[in-house]
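All remarks here apply to the structure that follows.
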Amino acid sequence: MAGSIRTGLTRSEGMKFGLTVGLAFGILGGVGFWRGHLVLPVILGTLGAILLVAGLVIPGHLGPAHRAWMAMAHAISRVTNPIFMSIMYVLVITPTGLLMRLLGRQPLRHREGADGFWHGRENQPRSDLNQQF
């Protein structure tokens, strides 16, 4: 996936990336300052300001920053997705399946009967696909 990230950005894509990520960094810096931290808000605020200005002034040149951001996001997702999906499986899917079994519901079983889910069809001549509807 990281190899499939495009190198260039259009002006609107660069502006969208710069403004969105810059605003997010600015908000995180503001929250950090509000909580009494000093160093991290300055770093996040500076990054946010740089991305906001770059998104407005040179949005087409944010390709390398976008590529690095997406590569980092891909690396994080390779770790968090298996963890999240395992938690969902253990906490949601497995208990639901066990509860359904305890209540006697088995949705993958065919209905009792000789035909199961098969529906009978009358013998008709095959269509030549000239009048489909």
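Note: hydrogens, waters and symmetry copies are ignored here, and every other heavy atom, side chains too, is used. The chain is numbered in sequence order, starting from 1.
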Donor-acceptor pairs under 3.5 Å, side chain of residues 94-105 to any protein atom, not counting sequence neighbours: which ones?
{"residue": "Thr94", "atom": "OG1", "partner": "Tyr89", "partner atom": "O", "Å": "3.0"}
{"residue": "Thr96", "atom": "OG1", "partner": "Val92", "partner atom": "O", "Å": "2.6"}

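Of all non-hydrogen atoms in Gly55 and Pro59, the two that sit nearest each other are O-CB, 3.4 Å. Across all non-hydrogen atoms, the minimal contact from Leu44 to Phe25 is O-CB, 3.5 Å. Gly29 and Pro41 get closest at one heavy-atom pair: O-CB, 3.2 Å.
Connection of Ile83 to Met72 is not established within any shared hydrophobic cluster, with ILVMFWY side chains joined at heavy-atom distances below 4.5 Å, either directly or through further cluster members. Leu9 and Val57 fall into different hydrophobic clusters, where Ile, Leu, Val, Met, Phe, Trp and Tyr side chains are chained together by heavy-atom contacts under 4.5 Å. Met15 and Trp69 fall into different hydrophobic clusters, where Ile, Leu, Val, Met, Phe, Trp and Tyr side chains are chained together by heavy-atom contacts under 4.5 Å. Note on Val42 and Val21: separate hydrophobic clusters, where clusters join Ile, Leu, Val, Met, Phe, Trp and Tyr whose side-chain heavy atoms are under 4.5 Å apart, directly or indirectly. The hydrophobic cluster containing Leu52 does not contain Phe17, counting ILVMFWY residues as joined when their side-chain heavy atoms lie under 4.5 angstrom apart, directly or transitively.
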For a side-chain contact (heavy atoms from CB on, under 4.5 Å) check, start with the C-alpha distance between Ile27 and Leu23, then their side-chain angles and the critical distance, and finish with the verdict.
CA-CA 6 Å; Ile27 290 172; Leu23 184 64; 4.1 Å; yes
His74 and Met70: CA distance, side-chain angles, deciding distance, side-chain contact (heavy atoms from CB on, under 4.5 Å) verdict:
CA-CA 6 Å; His74 180 67; Met70 294 307 291; over 6 Å; no
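Between the CD1 atom of Ile43 and the NE2 atom of His37 there is a distance of 12.5 Å, given to the nearest 0.5 Å. Going from atom NZ of Lys16 over to atom NE2 of His66 covers 9.5 Å, rounded to the nearest 0.5 Å. For the atom pair CG (Leu56) and CG (Leu51), the distance works out to 11.0 Å, reported to the nearest 0.5 Å. Taking CD1 of Ile76 as the start and CG of Asn81 as the end, the distance is 11.0 Å to the nearest 0.5 Å.
Shown here are the side-chain hydrogen bond (donor to acceptor under 3.5 Å, both in side chains) partners of Thr80, two or more places apart in sequence or in another chain: there are none.
Inter-residue side-chain proximity for Ile58 and Leu62 is flagged as unmet; no heavy-atom pair is nearer than 4.5 Å.
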